[in-house]
Each structure stands twice: as structure tokens, then as C-alpha cells.
Amino acid sequence: MVGSYFLTTAIDYVNSAPHLGHAYEKVLADFFSRHELSLERDVLFLTGVDEHGQKVQQSAQREGVEPQAFADRMSARFREQHRSLGVASSHFVRTTDDQHKKIVRDWLQKLHDKGEIFFQEHEGYYSVRQEQFVTEKDRVDGQWPEIFGEVIHTREPNYYFRLEPYRQKLLKHLEDHPEWIVPGFRRKELQSALAEPLADLCISRPKSRLAWGIPLPFNEDYVTYVWFDALTNYYSFASIKGQLVWPPDLQIIGKDILIPAHGVYWPIMLFALELELPKHLLVHGWWTNRGAKISKSDAKSLIDPAPYVETYGPDALRYFVLREMVLGQDADFSDERFETRYTGDLGKKLGNLVQRSLSMIGRYRNGVVPNYDGFHLTAADEGLRSDVIVEEYRRAVEQFAPHLALQAVWDLVARANEYVEENAPWKLAKEPEQAKRLDVVLGLLAETVRRLSVLIQAALPFTAEKIRVQLNLSTGPVRLEEALYGNSLHGHTIGKPEVLFPPIEKVDSGSSPAP
RNA sequence: GCCAGGGUAGCUCAGCGGUAGAGCAGGGGACUCAUAAGCCCUUGGUCGGGGGUUCGAUUCCCCCCUCUGGCACCA
């Protein structure tokens with residue numbers, strides 16, 4: 001193994017069902033994870049769910065079940081989404097895991113001992129209906145909005161975590177590590193969020209108000225609230241074969257949780273604990289539904305990827321989200337765009353190339369890849385076997401640009417399809433004196449298909465496997481190095497070609513038109 | 001209000017000082033190995049508006065309009 005690579009995704013809150021946004025983030029992480037595996041790194045890939053908190057407690061109550069039972073059921077749904085998409089994490093994190101609870105309590109105790117956490121009485125307005133404190137800012141025209149119900153003036157002592165002492169250090173870190181936040185423009189947003197002094201962060205709730213949480217080690221009448229419960233997960237399971245791995249190389253989050261959670265609270269928690277900060281925080285954008293915003297509260301705007309996976313297969317969805325979204329920016333999801341990618345890029349370009357190449361080898365050479373060692377190669381031959389594409393692919397991935405990486409791969413697909421036309425093997429096959437030429441053409445095509453199976457494995461793992469089966473090659477993960485041109489297939493007998501992306505009539509749409 | 005990023009072909013976007021590019025969609029063609037696929041050719045834009053710098057601006061500067069984020073403020 002060539003070193004290790006540790007990456008995480010945000011953990012998803014089990015109060016609502018998994019949707020496209022969740023799926024995208026996990027696919028993205030899985031893509032990077034598989035890429036690192038292909039570089040022979042020891043990969044630790046963490047993803048999972050956030051199970052504590054008020055909303056889960058309320059939802060469970062509403063259904064008359066225990067919070068744990070509710071969390072179990074919802075966690076299973078997220079797990080199922082990962083499975084259906086081929087998201088192969090090293091560990092599925094659950095915040096109700098004892099190992100996690102122990103770490104959370106250790107951290108809290110440590111920070112309490114250091115004086116970073118203190119006890120203070122808070123006086124303010126409290127919404128009974130929302131079960132939370134509200135501020136003057138929440139008022140609309142001097143009145144408390146209806147959603148808060150009755151608002152009372154009350155006082156409640158709680159535990160607070162000091163942020164301000166580390167603000168300058170964090171600013172300095174931002175300055176010294178321009179690569180920390182990806183893409184770069186998010187960095188400036190964080191910088192401006194750190195321009196003003198930071199208020200202490202309330203990290204507890206009395207058990208009387210919130211029972212579904214992890215009790216504070218220094219006061220069992222309280223549970224910790226949100227941040228120490230959720231963010232800590234990245235550390236709780238950070239080990240490979242029993243060895244602590246720290247810090248993460250890559251943490252993938254959505255743009256909604258950069259400020260303040262992962263850009264302020266999280267690094268300051270790590271500073272206070274004297275732990276290193278993650279090397280990269282990758283901040284992705286959001287999907288829109290046919291141009292309309294997707295909002296958690298509007299069920300109609302949510303896109304469930306399941307029907308698409310069901311109809312088109314997991315790789316189709318993986319390809320779409322990775323190819324269509326410029327990392328960091330928002331992108332639009334619609335049936336039309338999805339079908340265009342599926343039918344065009346996957347079916348007609350890649351699928352057809354594999355099909356026609358293998359079928360011609362079967363038809364003209366009895367399924368045996370010709371050996372063309374020492375034969376004359378044309379400029380077009382040289383172009384097709386070039387390794388430049390592998391370098392382009394790798395560079396794009398390193399720059400966190402999966403869409404460019406895939407574009408590079410599809411450039412090779414296009415070049416191969418052109419190559420078939422230019423050389424018209426069906427014509428060569430009719431002329432016995434062209435046998436050597438046909439050997440070169442078919443041999444190169446077989447080699448190209450083989451190389452493509454390697455280049456797509458991080459993005460389209462299922463398809464990569466299928467192609468390797470059709471080539472009658474070993475299955476399972478392959479080193480990226482194998483994407484370089486070689487002659488490993490000379491004399492090799494391939495299997496039967498099968499359609500990779502069959503035409504689909506119609507999908508039962510999960511994305512509803514914008515109103 | 002402040003900060004950042006956009007506004008380029010019907011759609012999604014690239015280009016960012018030298019008289020406009022890609023993919024998809026639209027039109028035409030030759031071929032037949034292949035998923036009626038693929039390949040070749042092609043229609044299409046006063047590059048948000050105005051002003052300036054320059055021999056020359058989509059590309060640099062200023063102003064305005066508009067969209068998207070982030071932050072702040074008021075209620």
C-alpha cells in the first residue's frame with residue numbers, strides 16, 4: 001500500500017428520508033474513495049447518520065415508538081440508499097454507537113477540564129412550541145411569528161464552549177492553507193464570517209427538555225446538543241486496523257453546513273483538543289429540480305433517486321451526478337437531462353463502442369484478440385493508444401473536478417468511435433490481404449475497451465465489472481496504472497458482448513415539474 | 001447595505017486583448033461492425049446595457065440592470 005487516505009461525508013440527519021442531495025454527496029465520496037483505492041492507498045471512507053436530537057425524539061413520539069427504534073428504521077433507509085448506489089464505505093457511522101458516545105464524552109470531559117467549556121445562565125425568549133430559544137432577530141414586525149406559538153421569557157443554565165479565543169488562529173490557518181477550503185471562493189465567505197468576534201456556543205440541553213442525546217460526563221442531567229454529538233463522529237471511527245488515522249485528507253460537505261458548523265465550530269473544536277485540521281474541506285453545491293429550488297419542507301420539490309436507480313441502474317445515476325455537476329456549483333436535475341446523458345453518453349457512445357468492438361472480434365477473429373506485435377502503426381493507431389488521457393483523468397480528479405475527469409474519459413470513447421469509422425473493419429474483413437491491418441484495428445479496440453473499464457471504475461463500478469466480464473478478465477478493483485496502454489490481451493479469448501445500457505422507454509418520474 | 005460569483009447559440013456551459021467555441025437539440029450526407037447505434041458536414045450568437053482605455057474588447061476599467069450565494073442590519 002502507498003500510504004493511507006481518509007475521507008468522510010457529512011452524516012445525514014435521520015429525521016427526513018434520503019433524497020438526491022444525500023445520494024450525490026455519497027457518490028462523490030465513493031468516487032474519490034475508489035480512485036484512491038486504485039492508487040493502492042489504504043482507504044478509510046466514513047459516512048453515516050446523525051440520530052440524536054429533538055426532531056428525532058418528536059418524530060418517534062408522534063409515532064409512539066422509542067427514539068432508538070425510529071432511528072434504527074431510518075438509518076436502514078440511508079444504508080439501503082448507499083447499497084443501491086454502490087457506495088462502499090469502510091464504516092457506516094451511527095451516532096448512537098457506543099464507541100461514538102464514549103468519544104463524545106471523552107472530548108467533552110477533556111475540554112471541560114481545560115476550561116474551554118463553562119456553565120452559564122441564559123436569559124431570553126423561549127418558544128414552547130419549537131422548544132428552543134428565539135432571539136429578537138426572529139421577530140417579524142415586532143411580533144413572534146405564528147410558527148413559534150407561545151413565546152415566554154425564561155432563564156435556563158447551560159454549558160457553553162468558547163470560540164473567540166481561537167478566532168485569530170483560525171484566520172491564520174485559512175491564510176496559511178489556501179487549499180483547505182475547496183472551491184476557493186468559499187474561503188472568502190468563511191473569512192468574512194470570522195471578521196467579527198464569535199459568541200460562545202451553547203452545547204447542552206437539560207434532559208427535561210431533550211432526553212434523546214448523549215449525557216454530559218460532568219453533569220448527567222444534561223445531554224450535549226448537535227455539534228459535539230455530530231461533528232465528533234469523524235474522529236470516533238477514524239481507525240484503520242485498530243490504528244488511529246488523523247487528520248482526514250478530505251471531508252465532503254454541502255454548502256449549507258460550511259458556515260458555521262464545519263468552517264468555524266469544527267476547526268475550533270480541533271484546535272481546543274490540539275488535533276490537526278482536515279487537509280481539505282470540499283464544499284459541494286445543491287441540486288435544483290427543473291430549475292426550482294429544492295427545500296426540505298416542500299416534499300414535492302424533493303427528488304428521490306431510487307426510481308432512477310431502479311430503472312436505469314446505479315451507474316446511470318452516478319454518472320449523471322458526477323458528470324453534470326461542476327463541483328462546488330449548483331446544478332439542475334431533470335428527466336430530459338438525465339435521459340440525454342443516459343441514452344447519449346452511456347448507451348450510444350460507451351455502450352455501443354463496447355458492443356461493436358467485441359462483436360467484431362467475435363465475428364472476424366472468433367473472439368480471440370489478435371496479436372499485432374511489430375505490425376506497422378498509423379498516426380491514428382498511435383493516437384488511440386496514447387496515455388495522455390490517463391494523466392488528464394488523474395489531474396482532474398486531483399483538482400476535485402470529476403466532471404472533467406469523465407469528460408476526458410469520454411474523449412477517449414469518442415476517439416475510439418471515430419477510429420472504428422475511419423478504419424471500417426467490416427471492409428477490411430472482406431479483403432484477405434488486409435488481415436494484418438484488421439488485426440491491428442481489432443487489437444487496439446480491445447485494448448481501448450479494456451483501458452476504459454479501468455478509467456470508469458471509480459465513477460461506474462458496476463459497468464466496469466460488466467465490461468471486464470465481457471472481456472473475460474478478472475473482476476474486482478484494478479490499479480489505475482492498468483489504464484496505461486499495454487498488450488495484455490494478445491491472444492486472449494473474450495466473452496460474449498452484452499448490451500450495457502439498454503434503451504429505456506420511460507421512467508416513473510421522481511422529479512416533478514416546477515409549479 | 002457589504003462581500004463574492006454569474007449574465008456568451010434554443011438548452012447546459014467553456015473561452016477572458018487580436019474580427020466567437022463544445023456538448024445536447026435542429027438540418028443534410030455517406031456507411032452498415034453495433035443499442036434504427038456510430039461517423040462526417042451543417043443552421044444558429046450585435047458575448048446583459050451604457051461609457052472609457054487601446055490600433056483593436058466577449059476578454060481590462062467605471063457605472064447601471066439582473067440572477068445566485070454568504071454576511072450584516074431593521075422590523
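Since we're looking at a predicted model, the values are computed, not measured. Per chain, numbering begins at 1; letters A, B, ... match sequence-line order.
Searching all strands for a Watson-Crick or G-U wobble partner of B:G5 with both distances below 3.5 Å returns B:C67. Pairing of B:U54, defined by two Watson-Crick or G-U wobble distances under 3.5 Å, is not identified with any nucleotide. For B:C33, there is no paired nucleotide, since no Watson-Crick or G-U wobble pair has both relevant distances below 3.5 Å.
Taking every side-chain heavy atom of A:Ser359 into account, B:C33 is the closest of B:C33, B:A37, B:U35. Looking at the side chain of A:Ile259, the nearest of the listed nucleotides B:A37, B:A34, B:G70 is B:G70. In the set B:U35, B:A34, B:G69, B:G69 carries the atom at the smallest distance from any side-chain atom of A:Lys255. The listed nucleotides are B:A37, B:C33, B:G69; the one nearest the side chain of A:Tyr364 is B:C33. Distance from the side chain of A:Trp426 is smallest to B:C31 among B:C31, B:G38, B:G70. Here the side chain of A:Gln355 is nearest to one of B:U35, B:C31, B:C33, namely B:U35.
Of the C1' atoms belonging to B:A25 and B:U68, the separation is 26 Å, rounded to the nearest Å. Comparing B:G5 with B:A14, their P atoms sit 14 Å apart, to the nearest whole Å.
Of the two residues contacting RNA chain B, namely A:Lys348 and A:Asp345, the nearest-nucleotide position lying further toward the 5' end is that of A:Asp345. Checking A:Val326 against A:Leu346, the closest nucleotide of RNA chain B that is more toward the 5' end is the one next to A:Val326.
Taking the six-membered ring where the residue is Trp, A:Tyr312 and A:Tyr342 present perpendicular rings, their angle passing 60° and hence far from 30°.
Backbone-only engagement by A:Thr340 is indicated by non-hydrogen atom pairs under 4.0 Å involving sugar-phosphate atoms exclusively. Nucleic acid contact for A:Asn417: sugar-phosphate only, since backbone atoms but no base atoms lie under 4.0 Å from a heavy atom of the residue. Nucleic acid contact for A:Arg337: sugar-phosphate only, since backbone atoms but no base atoms lie under 4.0 Å from a heavy atom of the residue.
If you measure from atom NE2 of A:His284 to atom P of B:G70, you get 14 Å, rounded to the nearest angstrom. Put simply, CG on A:Leu281 is 16 Å from C1' on B:G70, counting in whole angstrom units. Taking atom OH of A:Tyr342 as the reference point, atom P of B:G23 lies 23 Å away to the nearest angstrom. In this structure, NZ of A:Lys427 is placed 14 Å from C1' of B:G38, rounded to the nearest angstrom. To the nearest angstrom, P of B:A34 lies 10 Å from CG of A:Asn352. Separating the CZ atom of A:Arg341 from the P atom of B:C24 is a distance of 9 Å, rounded to the nearest angstrom. The CH2 atom of A:Trp410 sits 14 Å away from the P atom of B:G38 (whole-angstrom rounding). Separating the CG atom of A:Leu194 from the C1' atom of B:A72 is a distance of 15 Å, rounded to the nearest angstrom.
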In sequence, state the C-alpha distance, the side-chain angles, and the governing distance for A:Trp410 and A:Ile456, and then conclude on side chain to side chain contact (heavy atoms under 4.5 Å, CB included). CA-CA 10 Å; A:Trp410 258 258; A:Ile456 63 168; 4.3 Å; yes
Given A:Glu324 and A:Arg337, is the salt bridge (Lys or Arg N to Asp or Glu O under 4.0 Å) satisfied, shown in steps? CA-CA 9 Å; A:Glu324 197 78 3; A:Arg337 297 180 73 81; 2.3 Å; yes
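Of the side-chain N and O atoms in A:Arg363, one or more sit less than 4.0 angstrom from OP1 or OP2 of B:A34. Between A:Lys349 and B:C24, a side-chain N or O to OP1/OP2 separation shorter than 4.0 Å is present.
The ring of A:Phe338 has its center closer than 6.0 angstrom to the ring center of A:Tyr308.
In this structure, a donor-acceptor pair under 3.5 Å is present between the side chains of A:His262 and A:Tyr234.
Of the possible polar contacts, one joining the A:Arg167 side chain to the A:Ala195 backbone as a donor-acceptor pair under 3.5 Å is found.
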